[in-house]
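Single-structure report; data block below.
On a predicted model such as this, the values are computed, not experimentally measured, just so you know. Below, chains carry the letters A, B, ... as their sequence lines are ordered, and counting in each starts from 1.
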Number of protein chains: 2
Amino acid sequence: MSVSTASLAFSGAGPIAAATRQRVLDAAAALDYSGPNPLGRQLRRGRSGIVGVVVGDSLRRSFRDPVSIQVLDGLVSTLGPLDLGVLLIPGSSDPAGPAVDPLLETAAMDVAVIMWGGTTDDPMLGALRRRGTPTVLVEGQPLPDVASVGIDDRGGMREATEHLLSLGHTRIASVTLPFDRSRGEGLVALDQMDHLNWEITRRRLTGVTDAGVTPVAIWETPASLVEHGRTAGIALLSMPERPTAIACQSDLLASGVVLAARELGLRVPEDVSVSGFDGLDLPWLAPDVLTTVVQPLAEKGAAIGHAVEDFLAGEGPSRRELPVSLRIGTTTGPAPTVS
Amino acid sequence: MSVSTASLAFSGAGPIAAATRQRVLDAAAALDYSGPNPLGRQLRRGRSGIVGVVVGDSLRRSFRDPVSIQVLDGLVSTLGPLDLGVLLIPGSSDPAGPAVDPLLETAAMDVAVIMWGGTTDDPMLGALRRRGTPTVLVEGQPLPDVASVGIDDRGGMREATEHLLSLGHTRIASVTLPFDRSRGEGLVALDQMDHLNWEITRRRLTGVTDAGVTPVAIWETPASLVEHGRTAGIALLSMPERPTAIACQSDLLASGVVLAARELGLRVPEDVSVSGFDGLDLPWLAPDVLTTVVQPLAEKGAAIGHAVEDFLAGEGPSRRELPVSLRIGTTTGPAPTVS
DNA sequence: GCGCCTGGTCGAATCGATTCGATCGCCTCT
DNA sequence: AGAGGCGATCGAATCGATTCGACCAGGCGC
């Protein structure tokens with residue numbers, strides 16, 4: 001019997017007599033042949049069925065961030081039914097090592113996803129463009145040949161800031177995500193604003209000024225982690241002219257600030273109001289509920305999946321923006337009348 | 001010029017004149033050929049360079065577990081230099097859906113890793129055996145044709161229990177990981193012990209009896225999460241004959257029990273001692289430090305990587321067991337003299 | 001009874017890179 | 001000057017599956 005008949009038997013498609021099919025399957029069992037080799041199929045199809053996902057700077061850090069996890073979960077759920085697998089690609093964490101992970105250069109993948117679209121001059125984008133791999137950029141600056149998925153960061157942060165304004169706050173500080181790959185930590189002077197290279201940080205900061213607020217202090221953190229939020233909170237709440245409200249660019253940072261306030265003996269929200277961004281469940285703040293800008297994380301993952309789908313259907317780069325909504329919790333309240 | 005020469009030019013190996021090489025590269029640039037197609041190379045080599053990793057039941061749940069994350073991080077760090085990529089494969093979470101993820105059946109991979117080696121009759125093991133894919137089982141029951149990586153669960157738990165005994169505790173309860181795929185929650189009667197199918201749970205429970213202790217109560221949790229630990233703690237600490245010590249099978253569970261104790265107004269360790277397993281940093285318990293059995297998580301990931309390496313070097317299935325050590329913190333103390 | 005149609009099977013080309021052996025100049029040694 | 005040797009290049013086979021067109025035999029209609 002011929003190889004083509006065998007192929008028909010395994011694929012199931014095409015005209016084949018049931019008897020022949022059974023004969024092929026029996027022979028395969030006798031020769032302990034375990035079905036078609038995926039590599040051959042992939043070469044023929046010209047498709048690997050693999051989506052490379054650059055998760056973040058280092059896996060450990062990314063995976064400690066519930067935001068990444070939930071988006072990734074949504075992405076995998078969308079990709080699964082399409083018979084697509086997710087290949088994990090570490091971002092460039094080691095400045096001494098290669099600028100991009102070798103996997104990004106050599107691994108077989110149909111589409112690449114960059115989960116934290118960094119700066120426009122990201123070497124990863126260059127590498128992917130060179131290879132001609134269609135790319136989905138999440139929370140990055142839109143580029144003509146790259147699909148993008150994002151949320152209304154700017155509008156969301158504007159809404160949160162306006163909420164603080166409506167409560168009478170005037171001394172508002174901001175705790176931000178990293179400004180660029182160097183991931184500094186501490187107060188940012190106004191003349192350092194030009195190296196604000198990370199798009200997501202820029203957009204959320206712009207949202208604050210959109211509301212007509214000039215922050216009394218801007219604190220940069222090296223990553224969205226509770227401990228960095230705590231450090232920021234201790235510092236900002238020890239300032240001589242203490243801010244009455246702190247708008248944070250992530251929920252983890254905000255929860256760190258709340259913990260810092262409690263440590264310093266300050267009441268939330270009576271002495272200081274705190275707002276976040278993301279809309280996570282933060283059980284360790286209980287009974288407090290964080291005031292925050294809720295973004296649809298699972299839907300964001302699904303949107304990335306659909307952007308991938310578009311590419312595989314032969315369409316050009318798509319562009320999606322998801323809405324956010326303000327959730328008012330118990331960590332924001334009227335500004336204290338006496339400072 | 002010929003394809004073989006072009007291949008030489010790109011691979012760099014083999015004898016080739018610098019001038020020819022440059023000519024090939026120029027021609028490639030002119031035709032915007034972006035380097036060798038990985039699929040062709042993989043087919044020829046007979047290797048995909050991909051390691052499939054089954055992370056756990058559902059991605060969301062697995063990724064909320066710092067233990068999985070840290071092991072995965074160690075694994076990726078080891079696999080990276082070997083030019084191997086990690087393909088994420090969701091475990092079977094939906095009982096209505098297929099028993100194993102289609103990726104496990106069809107994706108190209110050189111080796112598969114099952115991170116939470118479940119039961120011996122795991123359908124995933126069957127699928128992998130049918131395909132002839134070398135498999136590394138983590139924390140599972142050793143099988144002849146499968147490589148295994150594990151720690152001394154039993155000895156570690158025995159040591160922790162002996163520590164409690166030495167403090168004078170006699171009423172010791174146990175909070176366990178799931179017994180089987182059905183993931184029940186609640187007290188386990190003695191006659192239900194036979195459906196204890198999950199190897200890791202069994203081993204850690206055996207460690208307790210090894211120390212000569214019969215737990216006054218065994219509480220099964222559906223997953224290693226703080227909230228499940230809290231539920232367990234509330235229940236166990238409300239029992240009429242309250243246990244004076246609770247040995248938990250994970251740190252997340254233990255921290256939930258500590259939180260529950262605090263909620264109930266019990267002092268730790270004066271009123272109740274709590275021990276964990278894993279050796280995580282748990283900042284939200286501060287200033288308390290959990291007494292726990294420390295396992296080397298990053299090394300575990302590296303050990304999995306080496307097991308993979310062995311397979312690719314053509315060796316048979318290897319077997320590795322890593323040591324654990326007891327870390328005594330502030331959550332265990334002498335048994336209360338008056339109950 | 002003959003021709004046509006159709007369901008089933010087979011050959012061969014193709015996807016793209018690698019690699020072994022062969023060939024072809026050219027240089028050097030005698 | 002002729003022969004041997006070596007470095008560079010090329011042909012062709014191979015990895016394994018898919019798929020299009022060809023082919024063949026049996027059934028049905030006229």
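Rounding to whole angstrom units, CG of residue A:Asn37 and C1' of D:dC15 are separated by 9 Å. Between A:Arg47 atom CZ and D:dT18 atom P the separation is 15 Å, expressed in whole Å. What separates CZ of B:Arg41 from P of D:dG16 is a distance of 18 Å, to the nearest Å. The CZ atom of B:Arg21 sits 12 Å away from the P atom of D:dT9 (whole-angstrom rounding). What separates CD1 of A:Ile16 from P of D:dT18 is a distance of 13 Å, to the nearest Å. Remark: P of D:dT18 and CG of A:Leu8 are 10 Å apart, rounded to the nearest angstrom. Taking atom CZ of residue A:Arg45 and atom C1' of nucleotide C:dC15, one finds them 12 Å apart after rounding to whole Å. Rounded to whole Å, the distance from OH on A:Tyr33 to C1' on D:dG16 is 7 Å.
For the OP1/OP2 pair of C:dC10 and a distance below 4.0 Å, the side-chain nitrogens and oxygens of A:Thr5 include at least one atom meeting the criterion. Between C:dT14 and A:Arg44, no contact under 4.0 Å exists linking OP1 or OP2 to a side-chain N or O. Considering only side-chain N and O atoms, A:Ser2 lies nowhere under 4.0 angstrom from the phosphate OP1 or OP2 of C:dG11.
Put simply, the side chain of A:Asp145 reaches to within 4.5 Å of the side chain of A:Leu143, judged on heavy atoms.
In the set C:dC10, C:dT18, D:dT9, the nucleotide with an atom closest to the side chain of B:Pro36 is C:dT18.
Residue-level contact check: A:Leu43 touches the bases, meaning some heavy atom is under 4.0 Å from a base atom.
Side-chain contact check for A:Ser7 and A:Ser4: no donor-acceptor pair (N or O, by modelled atom type) lies under 3.5 Å.
Panel note: side chain A:Arg319, backbone A:Ala147; no donor-acceptor pair is recorded below 3.5 Å. Side chain of B:Asp110 to main chain of B:Ser48: a donor-acceptor pair is present (N/O by atom type, distance under 3.5 Å, no hydrogens or angles).
In the helix from C:dG1-D:dC30 to C:dT30-D:dA1, the end axes, each obtained as the rotation axis mapping the C1' atoms of four pairs onto the next four within a five-pair block, lie 50° apart to the nearest 10 degrees.
Take the nearest nucleotide of DNA chain C for A:Thr20 and for B:Leu39: the residue whose nucleotide is more 5' is A:Thr20. Along DNA chain D, the nucleotide nearest to A:Phe10 and the one nearest to B:Gly40 differ in position, and the one closer to the 5' end is contacted by B:Gly40.
Using a 4.0 Å cut-off between charged side-chain N and carboxylate O, A:Asp32 and B:Arg130 make no salt bridge. Of the charged side-chain nitrogens involved, at least one lies within less than 4.0 Å of a carboxylate oxygen, so that B:Arg181 and B:Asp122 count as a salt-bridged pair.
Taking the ring axis of B:Trp198 as reference, the NZ or CZ atom of B:Arg203 does not stay both within 45° of it and closer than 6.0 Å to the ring centre.
Counting distance only, with no hydrogens placed and no angle test, the side-chain atoms of B:Ser4 and the base atoms of D:dG11 include a donor-acceptor pair under 3.5 Å.
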